[in-house]
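The structure appears right after this line, and notes come after that.
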Amino acid sequence: MKVNQLLKQENWSVEELAYLIGLTDEADCEALYKAAYAVKERYIGRYAYFRGLIEFSNVCIKDCLYCGIRKGNEKAERFCMEREDILHMAQWAYDHRYGSVTLQSGERTDEPFISFVEGLLRDIKKIGDGSLGITLCVGEQTEETYRRFFEAGAHRYLLRIETSNPTLYSTIHPQNSLHSWQTRVDCLYRLRRAGFQVGTGIMSGLPGQTALDLAKDIIFFRDLDVDMIGMGPYVVHHDTPLGKLVEEKGLNTKEEQWKRLRLGLNMIAATRLALKDVNIAVTTALQALHPRGREWGLRAGGNILMPILTVPEHKKKYLLYQNKPSMESTEMEIRDMLVADVERAGDTVGFGKWGDSPHFSRQK
Ligand code: 5AD
């Protein structure tokens, strides 16, 4: 009863959002997803947009305690994709009418890396006369670097805050200036000033994280007035300090994974309800926890999918967490699987369109 009452509202307090995020009863969750889907239908339409994901390098200067490509993981085999291979993938995306590509890599701040990315952006912009949208995801940089990337043709940038709670942030990162919560927040403002459509997001189901933390994450997104959200459940990687801890505590059982999946879906739905017209990605991590994870993410209010384009040779090395799906599949098979997910959810793929967030367009 209480849930149905709550879902009739247009705005929610942080406590109410926490209550919705914490729902576990099957029927309650279904009601939550249905309400969120109705908001998506009203503000975005029944569309899902593709961003071809090119994970071009796993070399990283950071040491985040949860991440499989952290600097300290000596088992991770490092790679940098060749410029020609990246361009080939971007061309593939264009030829198959993906509206946009997302370029993602580990974090580096050295000049050779920055000029490599800059050159890449310029080359990708030449494909189809600039018709391919570009989202960039290469971490914390100076404002000048962000401006160079924007100049070169990227127009969206995704930088997850991971959690809006600085204390929780400090438990999942090393304690040094390279891993400062405040710097990450500053970067989000730098990106906005540089002209980007800005996206951020979090991981749900982190050890020590509460439903209230997650509700406050949504308030953080709202206060920052972001255009896009990319978030997903935390998934264990066993060669990381956090992954080991979670396994030791017996918190990586099927049941716990199910809880993290549920939380990931509830977060998508609660964010859709609260923020209405932003783009919300249905991330690969959802599918790592369940084969139908992405379809459910669309039903819970997500509208962006990121089919992986990374060449097979490197895909297995870009391992942020375990059970990364579609390891053996070709780009075409991945495309077909995602189209099927979209159709099962009752949506249509917005082929050939950028699919910018209505939130961003409305601000202009
Ligand atoms: N589980 C889920 N998401 C992860 N990320 C990194 N490691 C993990 C993990 N073990 C996410 C972070 C980062 C994004 C690129 O991947 O949120 O910002």
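Whatever order the structure lists them in is the order used to number ligands and atoms, beginning at 1. Hydrogens, waters and symmetry mates are skipped; everything else that's a heavy atom, side chains included, is used.
In terms of protein heavy-atom proximity, atom 11 (C) of ligand 1 is closest to R160 NH1, 3.4 Å. Among protein heavy atoms, atom 7 (N) of ligand 1 sits closest to Y66 CD1, 3.3 Å. Counting protein heavy atoms only, atom 15 (C) of ligand 1 is closest to L320 CD1, 3.8 Å.
Taking any N or O of H237, backbone or side chain, none lies under 3.5 Å from an N or O belonging to ligand 1. In terms of polar-atom proximity, defined here as any N/O pair under 3.5 Å, V235 does make such a contact with ligand 1.
For atom 4 (C) of ligand 1, the choice among E162, M203, R70 with the nearest heavy atom turns out to be M203.
Using a 30° and 60° split on the angle between ring planes, H314 and F79 fall in the parallel class, below 30°. Ring pair F56/F113 is parallel by interplanar angle, where below 30° counts as parallel and above 60° as perpendicular. The aromatic rings of F150 and F196 sit perpendicular, their planes meeting at an angle over 60°, well past the 30° parallel limit.
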Practice problem: Determine, step by step, whether L289 and N323 satisfy the side-chain contact (heavy atoms from CB on, under 4.5 Å) criterion, reporting the C-alpha distance in whole Å, the side-chain angles of both residues, the deciding distance to 0.1 Å, and the verdict. | Solution: CA-CA 8 Å; L289 293 178; N323 283 331; over 6 Å; no
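If you run side-chain contact (heavy atoms from CB on, under 4.5 Å) between K62 and each of K71, H179, R108, only H179 comes through.
I280 places none of its side-chain heavy atoms less than 4.5 Å from the side chain of K40.
Atoms of ligand 1 found under 4.0 Å from any heavy atom of P233, numbered from 1 in the order shown, are 2 (C).
Looking at A285 against ligand 1, nothing comes within 4.0 Å, counting heavy atoms.
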